[in-house]
Amino acid sequence: MPQGTFVLVSSLERMSLMTVPVRTRFAPSPTGYMHIGGMRTALFAWLWARHMGGTFILRIDDTDQERNVEAALDPIFRAFEWLGLTWDEGPKVGGPFEPYYQSKRTPLYQAAVDKLLASGKAFKDFDPPEVIADDRKQAEAAKRTYVNVRRSLELTDAERQQLEANERPFVVRFLIPRDQKIAIDDAVRGHVEWDCSLMPDPVIMRSNGSFLYNFATVVDDGQMQITHIIRAEEHLANTPVQALIHLALENPMPVFAHIPFITAPGSTKKLSKRDVEKLRTSPQLKKMFERADEVFPQIGVGDSKTLNPVMVEYYERLGYLPAGILNALSRLGWSLDGTTEFMSLAEVVQNFTLERIVKAPAGFDPEKLQSFQQHWMNQLSIEEKIDGCLPYLTKAKLIPADVDHAVRSTVGRVIGAVADRLRIFSDILDYKEFFIADDAMPFDEKPFQQRLRDATEAVGLLKSIREQLAVIEPYDAPTLDKLVHDFVESQGIKIGQIVHALRVAVTGKSVGIGLFDALAILGRDSSLRRVERALNRV
RNA sequence: GCCCCCAUCGUCUAGAGGCCUAGGAUGCAGGAUUCUCAGUCCUGAUACACGGGUUCGAAUCCCGUUGGGGGUACCA
């Protein structure tokens, strides 16, 4: 370190001295949707608060929003509520530092600016934007790092008064102590240091009197007594300025923890909503978009254009489990150890530490998410699965809105037979054949052709087995199983010769649940009608 | 350009000098089970970016290179 300079602050020391309860926050903008990456950032902040028995705060960053903030906020609250990430202070619940909307906190920012101005740690800059732009251009031409020229600081008191009397527009700049260095001890990245001589004095108040994010956030974090600023890595570069402002405001220095962002699958770039159209064709996400286009229209929530995999609501609407999403998000950039994959939220809370956050960006992997989801879905009881699936069937009008005992029982039998083929609740829509009228059931053309038309013996076999299906008692899966096997033996055929044809005949598809379960669930009458219908169609 | 961050299988990660001929998961390939699909169970392939040090010994520490990313606003 050059002589005459010194490091201003080390938050690591403060961290060890810290005895105050942990307070973390998440400060979303009302964008109209909750970003999956933002959710992960929020989760980490939430986890740290919960792990430490502290407080988690939601603060709305609506400085540049005009109208309709409430509507744009709704999906955000919805996402937190769906995942069960409760906030202790913020919108809806209030708290000791109200209001929790930045747009309503301007008096606080004004007071802070006044304080800085009074102590000479900020100054009014009367240079018009064109002059500043010119300075920048010159620095660029000279291959010099640009720092603003402090002309307004050279003004005499009389000149300054003159300008103010003339109502000359000005911005307020925070005065960077250029002879110093600023360092932080980031809880995940370690010691990071910047040379203040390279830093321009940041504008903290615009000429129209509004405040900049970099300033407002510091004022808020200070006033709300945030102890740990857990946020995405892209804010690391903002940190020296913010730390300096904290110092100038005489706030206790919070601990910073910059977590890596989530990258798009197959990319090293941040997962962002702006690139959704590119993501649509990415091999990893293609299926997810297709699934949306398949399911959402059926349940009346648009398609993949209204809801896509960067939005939390996509997962909710498709019937993912909070446990699956939470588990996946927790493991993105954090691990408990080398082997533990499946963790409930409670287990993560118990074990979560900042220290084990990975420094490198993490790629979002839908397939890994799928495996977490599958695990948690398999933990559910049949009754829970029924409750999860029912809304999809009613919205798709496959069952009546008022679900009676009989319907619920049928759904239960289907789900039982579907077993672990059910990964997300909307998967139940892949088994429509059990909920539609016999004469409305569609046949997949390819298997119909292959198994019924092209297989020369299929029609004869189907006719024979139909006779037996008509009289077999009882009409349940084990009995049907035995029936078919006996049939196969007596006919001297392979089981595949009858099973495939029968499956296509009664379900219209080549794949699905076990054939005998399917027959039993459909019942004798439906089974016979469907076989009949298939035979007539050949 | 300048500042800052990052770098282990395709992906998520374990690894804080010898336990590493690098472990787990996911995905992939093959096999078994089976009426299809899914699942399950075996088996397999795949990684320490590169170059210099330091050390008896380096994925681990240091330096450099390369690559990737972020920032550089009267955006957030």
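This structure is a prediction, so every number in the text was calculated from the model and none was measured. In what follows, every heavy atom counts, from backbone to side chain, and hydrogens, waters and symmetry copies are set aside. In what follows, chains are A, B, ... by sequence order, proteins preceding strands, each numbered from 1.
Distance check on atom C1': C12(B) versus G17(B) gives 26 Å, rounded to whole Å. Taking atom P on both C6(B) and U60(B), the two are 15 Å apart, rounded to the nearest angstrom. Taking the P atom of each, A59(B) and C20(B) are spaced 13 Å apart, rounded to whole Å. Taking atom P on both nucleotides, G71(B) is separated from G24(B) by 38 Å, rounded to a whole Å. The separation of C61(B) from A16(B), taken at their P atoms, amounts to 11 Å, rounded to a whole angstrom. Only the P atoms considered, A7(B) is 11 Å distant from A14(B), to the nearest whole Å. Atom C1' of U55(B) sits at a distance of 12 Å from the matching atom of G18(B), rounded to the whole Å. For the P atoms, the distance linking G57(B) with G52(B) amounts to 15 Å, nearest Å.
In this entry the distance linking CZ of Arg40(A) with P of C12(B) reads 11 Å, nearest Å. Rounding to whole angstrom units, CG of residue Leu422(A) and P of C37(B) are separated by 19 Å. We find that NZ of Lys359(A) is positioned 11 Å from C1' of C5(B), with the value rounded to whole Å. Straight-line distance from the CZ atom of Arg144(A) to the P atom of C3(B): 15 Å, rounded to whole Å. The distance between atom CZ of Phe487(A) and atom C1' of C35(B), rounded to the nearest whole Å, is 14 Å. Between the CD1 atom of Ile262(A) and the C1' atom of U11(B) there is a distance of 13 Å, rounded to whole Å. For Ile428(A) and A38(B), the CD1 to P distance is 18 Å, given to the nearest whole Å.
Interatomic distance, CZ of Arg231(A) versus NE2 of His258(A), reported as 4.0 Å (0.5 Å rounding). The CD1 atom of Ile325(A) sits 10.5 Å away from the CE atom of Met39(A) when rounded to the nearest 0.5 Å.
A perpendicular orientation is assigned to the rings of Tyr315(A) and Tyr320(A), their planes being inclined by more than 60° (bins at 30° and 60°).
In this structure, Arg136(A) satisfies the cation-pi test against Tyr146(A), with its NZ or CZ atom closer than 6.0 Å to the six-membered ring centre and inside 45 degrees of the ring normal. For the pair Arg40(A) and Phe44(A), the cation sits on the ring face: its NZ or CZ lies under 6.0 Å from the ring centre, inside 45° of the axis. With a 6.0 Å cutoff to the six-membered ring centre and a 45° limit on the axis angle, Lys273(A) counts as a cation-pi contact of Tyr33(A). Annotation: cation-pi pair Lys432(A)/Phe435(A) absent, no NZ/CZ under 6.0 Å from the ring centroid and within 45° of its normal.
The main-chain N or O of Thr31(A) is never found under 3.5 Å from a side-chain atom of Ser29(A) such that the two would form a donor-acceptor pair.
Contact annotation: side chain of Lys368(A) to base of A25(B), donor-acceptor pair present below 3.5 Å. Contact annotation: side chain of Arg189(A) to base of C5(B), donor-acceptor pair absent below 3.5 Å.
In a base pair of the Watson-Crick type (N1 to N3 plus N6-O4 or O6-N4) or a G-U wobble (N1-O2 and O6-N3), with each distance short of 3.5 Å, A29(B) is matched with U43(B).
Ranked by how close their nearest RNA chain B nucleotide is to the 5' end, Val418(A) and Leu515(A) are led by Leu515(A). Where Ser335(A) and Trp194(A) meet RNA chain B, the nucleotide closest to each residue was compared, and Trp194(A) sits on the side nearer the 5' end.
Among the heavy atoms of the strands lying under 4.0 Å from Glu367(A) are primed sugar atoms or P, OP1, OP2 only; no base atom is included. Using a 4.0 Å heavy-atom distance criterion, Gly333(A) is classed as a sugar-phosphate-only contact. Contacts of His375(A) with the nucleic acid, taken as non-hydrogen atoms under 4.0 Å apart, are absent. Nucleic acid contact for Arg231(A): none, since no nucleic acid atom lies under 4.0 Å from a heavy atom of the residue. Note on Arg423(A): only backbone sugar-phosphate atoms sit closer than 4.0 angstrom, heavy atoms only; bases stay farther off. As judged by a 4.0 angstrom heavy-atom cut-off over every strand, Gly363(A) is placed among residues touching the sugar-phosphate backbone only.
For residues 508-518 of chain A, the set of pairs meeting the salt bridge (charged side-chain N to carboxylate O under 4.0 Å, His left out) definition, not counting sequence neighbours, comprises Glu433(A)-Lys509(A). Counting only residues at least two apart or in different chains, salt bridge (charged side-chain N to carboxylate O under 4.0 Å, His left out) contacts with residues 484-496 of chain A comprise Lys482(A)-Asp486(A).
Taking every heavy atom of residues 323-332 of chain A and every atom of RNA chain B, pairs under 4.0 Å involve Arg331(A), Leu332(A), by number.
In this structure, the nucleotide among U13(B), A25(B), A38(B) sitting nearest to the side chain of Ala362(A) is U13(B). Closest to the Arg356(A) side chain, of the nucleotides U36(B), A14(B), U26(B), is A14(B).
When side chains are defined from C-beta on, Ile245(A) counts as touching Ile204(A), because their heavy atoms get closer than 4.5 Å.
With salt bridges taken as basic N to acidic carboxylate O contacts below 4.0 Å, one links Lys368(A) and Glu341(A).
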Exercise. Sugar-phosphate atoms are those with a prime plus P, OP1 and OP2; base atoms are the rest. Using that split, label each nucleotide of nucleotides 65-76 of chain B B, S or - for protein heavy atoms under 4.0 Å, 5' to 3'.
Key: ---SSSS-SBSB
Give the table of side-chain donor-acceptor pairs shorter than 3.5 Å for residues 210-219 of chain A, with sequence neighbours excluded, one pair per line with atom names and distance.
{"residue": "Ser210(A)", "atom": "OG", "partner": "Arg206(A)", "partner atom": "NH1", "Å": "2.8"}
{"residue": "Ser210(A)", "atom": "OG", "partner": "Asn208(A)", "partner atom": "OD1", "Å": "2.7"}
{"residue": "Tyr213(A)", "atom": "OH", "partner": "His235(A)", "partner atom": "ND1", "Å": "3.3"}

Protein-nucleotides 40-45 of chain B N/O pairs under 3.5 Å:
none

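Taking the centre of each ring, Phe352(A) and Trp334(A) come in below the 6.0 Å mark.
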